[in-house]
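Since the structure comes first, as structure tokens, the remarks are kept for the end.
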Amino acid sequence: MDYNIFAIVGFLFAAYAVVGNDALQTLGTFINSNKRLHWTVLYLFAASILVVVFVYGYVTSGGDPAFDRLNRFGVENGGAVTGPAVEWYHILPPLTLLFLTRLGIPVSTTFMVLTIFASTANLQSMLIKSGLGYIVAFGVGGLTYAILAPTLERFFIKTKDQQYAAGWVVLQWMTTAYLWGVWLMQDFANIFIFLPLEYVPVDGGGYMATISPIYAYGGLAAIAVFLAVTFANAGGPVQRILKSKTSVTDIRSATIIDFMFGTILFVFKEMSDIPMSTTWVFLGLIAGREYAIATIDKVRPIAATSKIVLSDAGKAIIGLIISVVLALGLPWLASQVTFGF
């Protein structure tokens, strides 16, 4: 079977699963707080950001739409560096992610998809950066809402009829564009890793990953289609995780959450080109927020809040365990079984 068949099938599974799963963390508050509008309006806005970020990354990074995050996945081959060969077993992690997404489980797409391509050193770096992201986001969410819970959040609850003021609507759409764009910069690697990569030497040493235009722009078109499916389904089953949280459907609260999340991702993006789990960052931010609100405003008992937070974290850890098992077990299985492809 031709290499490109595996690459294309893996890419399609990954694109659909990643967009569907991460709609929770990037576009979930946007979808939930704008239900008064038809989904096509929201989709066209998100799709326009998708195209702008993709073209900007592809052009400025010399053919890498993942903003240099694919540079770490080159394989030494006879003195040169080539893209990872996509085999039949590489398709199984995104297929598993697709299944877990349908169950509404917010697993880390970075670990589920990229782990099987990563070296041990890369995997350790991804784990450390993602764990640090959860801790930082938890602290930022907790401290920020310790201040906002008794002030702004109480005001938002008492004035729900004022949430659609023109100023707040504009701010929310701006922060959504900001967050969605930064997330795409982080997570494009989870999708485009499946497409045929070429590595070219750069001045000063090292190699840069590139994707041919036909694959890159064809992939963009596929992502746009899957994004439309996600909006048509109002985010899909994984949205249940977000809906269990406090006041996330208020457009003003959604604006603050999106801005904080986008800023944390931007800071970590600038720190290094190591891929990280944006899901862990999101869950950490929401967890810190929930604890602050529960402690100060007594909206929900601490025990109930802990149950929700631990449930979300447990699902993310389950996804991590599954991804590591697949990353270690599938190559071994492939070495033991031959299908005659």
Side-chain angles (χ1 to χ4, degrees), residues 1-23 47 50-51 53-55 57-59 61-75 77 81-102 107-118 184-200 207-230 232-233 236 275 322-323 326-327 330-331 333-334 337-341:
M1 186 176 290
D2 188 75
Y3 163 79
N4 288 337
I5 296 300
F6 292 129
I8 292 171
V9 172
F11 172 85
L12 292 175
F13 281 150
Y16 184 51
V18 169
V19 171
N21 186 78
D22 287 338
L50 168 69
V51 172
V53 173
F54 172 87
V55 173
Y58 190 72
V59 173
S61 297
D64 178 8
F67 290 81
D68 299 326
R69 277 164 176 72
L70 294 174
N71 291 347
R72 293 175 174 268
F73 296 92
V75 178
N77 188 1
V81 176
T82 61
V86 180
E87 305 291 348
W88 63 267
Y89 58 85
H90 288 107
I91 298 173
L92 296 183
L95 186 59
T96 302
L97 176 59
L98 186 59
F99 172 73
L100 294 176
T101 296
R102 293 303 90 193
V107 297
S108 169
T109 56
T110 298
F111 289 130
M112 185 62 72
V113 175
L114 287 186
T115 298
I116 198 168
F117 292 101
L184 289 170
M185 294 177 185
Q186 288 277 3
D187 275 31
F188 265 152
N190 301 351
I191 304 174
F192 284 98
I193 186 66
F194 285 93
L195 296 186
L197 302 176
E198 297 179 3
Y199 285 80
V200 296
Y207 291 83
M208 179 179 66
T210 63
I211 302 176
S212 67
I214 188 170
Y215 281 114
Y217 285 96
L220 173 63
I223 295 172
V225 171
F226 293 140
L227 184 64
V229 173
T230 298
N233 291 327
I322 293 174
S323 63
L326 291 177
L330 287 176
L333 178 62
V337 180
T338 301
F339 293 101
F341 291 147

All ring-ring contact (aromatic ring centres under 6.0 Å, His included) counterparts of Tyr58, not counting sequence neighbours: Phe54, Tyr217
Residue pair Val9 / Phe13, side-chain heavy-atom distance below 4.5 Å: yes
Euclidean distance, Leu330 CG relative to Thr96 OG1, rounded to 0.5 Å: 8.0 Å
Point-to-point distance, once rounded to the nearest 0.5 Å, from CE of Met112 to CG of Leu92: 11.5 Å
CZ on Phe11 to CG on Leu195, rounded to 0.5 Å: 5.0 Å
For the student: nearest non-hydrogen atoms of Pro94 and Ala17, plus distance: O-CB, 3.9 Å
Beyond-backbone contact of Tyr16 with Val229, side-chain heavy atoms, under 4.5 angstrom: yes
For the student: nearest non-hydrogen atoms of Val81 and Gly74, plus distance: CG1-CA, 3.6 Å
Verdict with reasoning, Thr210 to Leu197, per side-chain contact (heavy atoms from CB on, under 4.5 Å): CA-CA 6 Å; Thr210 63; Leu197 302 176; over 6 Å; no
Atom pair OH/CG of Tyr89 and Leu333 - distance to nearest 0.5 Å: 10.0 Å
Sub-4.5 Å side-chain heavy-atom contact between Phe188 and Leu50: yes
From CG (Leu326) to CG (Leu97), nearest 0.5 Å: 10.5 Å
Phe192 ring center near Phe67 ring center (under 6.0 Å): no
Contact summary for Leu12 and Ala222, nearest pair of heavy atoms: CD2-CB, 4.1 Å
Donor-acceptor contact present, side-chain Asn71 to main-chain Ala209, <3.5 Å: yes
Exercise: identify the closest heavy-atom pair between Met208 and Gly62: CE-O, 4.0 Å
Steps toward side-chain contact (heavy atoms from CB on, under 4.5 Å) verdict (Asp64, Arg69): CA-CA 8 Å; Asp64 178 8; Arg69 277 164 176 72; 5.7 Å; no
For Asp187, the option from Thr110, Val113, Leu114 that meets side-chain contact (heavy atoms from CB on, under 4.5 Å): Thr110
Close side-chain approach of Leu70 and Ile211, heavy atoms under 4.5 Å: yes
Distance flag, aromatic centroids of His90 and Phe194, threshold under 6.0 Å: no
